[in-house]
Amino acid sequence: MTSSRTNPEGPIEPEGLAETEGLTGSAAWELLLPAASAPARTRGRSLQAALREAVRSGRLAPDTRLPSSRDLAADLGVSRGLVTEAYEQLTAEGYLRSGRGAGTWVGGSVRAARPRARDLAPRSPGARADFVPGTPDLSLFPRAAWAAAQRAVLAELPHDLLGYPDPRGLPRLRTALAELLARRRGVVADPERLVVVSGVAQATALLGFVLHARGTHTVGVEDPGSPQHDSLYAAAGVGTVPLPLDEEGLAVAPLRASGVRVVVTTPAHQFPTGIAYSARRRAQLLDWARSVDGLVFEDDYDGDFRYDRAPVGALQGLDPEHVAYAGSVSKSLVPGLRLGWLLVPESLADEVVERKRTMDLGHPTLDQALFARFLERGDYDRQLRRCQRAYRQRRDALVAALEEHFPGAEVTGIAAGLHVIAELPEKYGPQEDFLARAASAGVAVRPLSAYAHARVDDAVVRLVLGYAQLSPARIGAGIRLMADAVRAHEL
Ligand SMILES: Cc1ncc(COP(=O)(O)O)c(C=O)c1O
């Protein structure tokens, strides 16, 4: 997989400018005029913020050429120095780039929240078969054990624990979590550096705020990758630079060339391709982090599930000072609990904890005490074993159904997690037609291209198939439905 957008400081191709005139004439006025009329004291900063926002929101598309600083200053009625300063600042941040000769362009690599974020809508109500990934089987939630733990916790929790909690989380929960993560994921888990958060989503945002406050304005993300990473970092004011993958994980050369010092990864089961990062790639990634004094954010969103051999340990265990590790119960229990953890290097711990405190004054105490009890009594391990059994069966059912109904399909990413990638034989393309037929048959299914930053070749059908939420029988029926819908059009 490759991306044409890996290097914000990359060379500028002079050709193609004619199509990307962009910010000229009235467009410049509309976007930047409010900032230009801000009080003199804050005008420079307002102008920079307005430009940054225009790039982030996509109103100024990648590779758009900006007017000269002289023209823009004249259009806006501000000093040329303010515009030059804004261009320089945003170029340093990676939002803009300057060419070999004169000229400034919107960086081709910077993207933040954009329509791809619609992909977050997790389920497709009314679908006859729903293969959209992201949600576990909600009926596997252990209601009886949870209710028992809730009753016990309410009865035993001392009054003094009902005040404002430690923003890191209840010590009892952090100790139990540290034990779990060390045992199951090979994480070096110091309870002092663990923060209980409301899911990987909050872990991402927290880290984004801390990095932004430290002057980091762009981070690298996997391409294809989770739209969630882009939108959460954008919310913290941090842009994302899409970086390509190869068969071993995130490709290292483009990472080095990108100039970023923070990169977001899903090494256990890359989202969405399902690649498990090779041992060599893990080592290379950590070498990179050390060489730039950087940070790898490890999103271990479904690292608990590995089917054919023991789970690969987390990257964090190899270098706890260069990896921030996050996980949650969203796949192992249910996403609605909004419960997760973030483990950070010592150098970031105080700032992260302070951010958590200012964000929400700490995670709800009862939920924490309940989960601590659930961990301590072995209920969580039982739940993981139960899910693991159910999901292995479903994965096997999906692979078998694909073999039967789409012979020749190449199915990858099957070793772990809760979804696979199926690349169908060429005859099923183009992808757009295939998806339309699947949708008309009531099958909700998402292509791999929905998670890509750059445009990809859609001649071949590549599907991301989530299987956790469907019984084996429904998986078989759904794949058959999809095959029938496609065949009906061949006749
Ligand atoms: C890549 C990735 N990270 C994290 C999450 C889960 O986030 P949370 O723990 O906030 O529910 C998801 C959810 O589907 C995901 O796809």
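Model, not experiment: these values are computed from the prediction. As the structure lists them, so they are numbered: ligands from 1, and atoms in each ligand from 1. Residue numbers start at 1 and run along the sequence shown.
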Under 4.0 Å from any heavy atom of [X], which atoms of ligand 1 are there?
| X | answer |
| --- | --- |
| Ala201 | 8 (P), 10 (O) |
| Gly199 | 9 (O), 10 (O) |
| Lys331 | 12 (C), 13 (C), 14 (O) |
| Ser226 | 1 (C) |

For this session: Answer yes or no: are there more than 12 heavy-atom neighbours, outside Arg172 itself, under 6.0 Å from its atom CZ?
Result: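 Result for CZ/Arg172: enclosed.
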Problem set entry | Heavy atoms from other residues, nucleotides or ligands near CD of Glu179 exceed 12 (cutoff 6.0 Å) |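 For Glu179, atom CD is crowded (more than 12 foreign heavy atoms under 6.0 Å).
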For this session: Looking only at protein heavy atoms, identify the closest one to atom 11 (O) of ligand 1 and say how far it is in Å.
Result: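 Result: Ser330 OG, 2.6 Å.
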Problem set entry | Over all atoms of both residues, closest heavy-atom pair of Val195 and Lys356 |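 Smallest interatomic distance, heavy atoms only, reads CG1-CG, 4.0 Å.
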Exercise. Between Val264 and Tyr233, what is the shortest heavy-atom contact and its length?
Worked result: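 Scanning both residues completely, I find the closest heavy atoms to be CG2-CE1, 3.5 Å.
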For this session: Answer with side chain, backbone, both or neither: which part of Asp299 has a heavy atom less than 4.0 angstrom from an atom of ligand 1?
Result: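 Asp299 to ligand 1: side-chain contact only, backbone stays beyond 4.0 Å.
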Exercise. Do the two ring centres, one from Tyr391 and one from Tyr307, sit under 6.0 Å apart?
Worked result: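 Not under 6.0 Å, so no.
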For this session: Report the distance from atom CD of Glu403 to atom CD1 of Ile479, rounding to the nearest 0.5 Å.
Result: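 So the gap between those two atoms works out to 12.0 Å.
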Problem set entry | Reported CZ-to-CG distance for the pair Arg174 and Leu343, which is rounded to 0.5 angstrom |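 Between atom CZ of Arg174 and atom CG of Leu343 there are 11.0 Å.
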For this session: Return yes when Arg338 approaches ligand 1 closer than 4.0 angstrom through a heavy atom, no otherwise.
Result: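 Yes.
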For this session: Identify which of His269, His229, His419, Gln228 has a heavy atom lying nearest to atom 5 (C) of ligand 1.
Result: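 The nearest heavy atom belongs to Gln228.
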Exercise. Any N or O on Tyr301 sitting closer than 3.5 Å to an N or O of ligand 1?
Worked result: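 Looking only at distances, the answer is no, because the N/O contact criterion of under 3.5 Å is not met.
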For this session: Could you say whether the N/O atoms of Gln202 and ligand 1 ever approach to under 3.5 Å?
Result: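 No - when backbone and side-chain N and O of Gln202 are compared with those of ligand 1, no distance drops under 3.5 Å.
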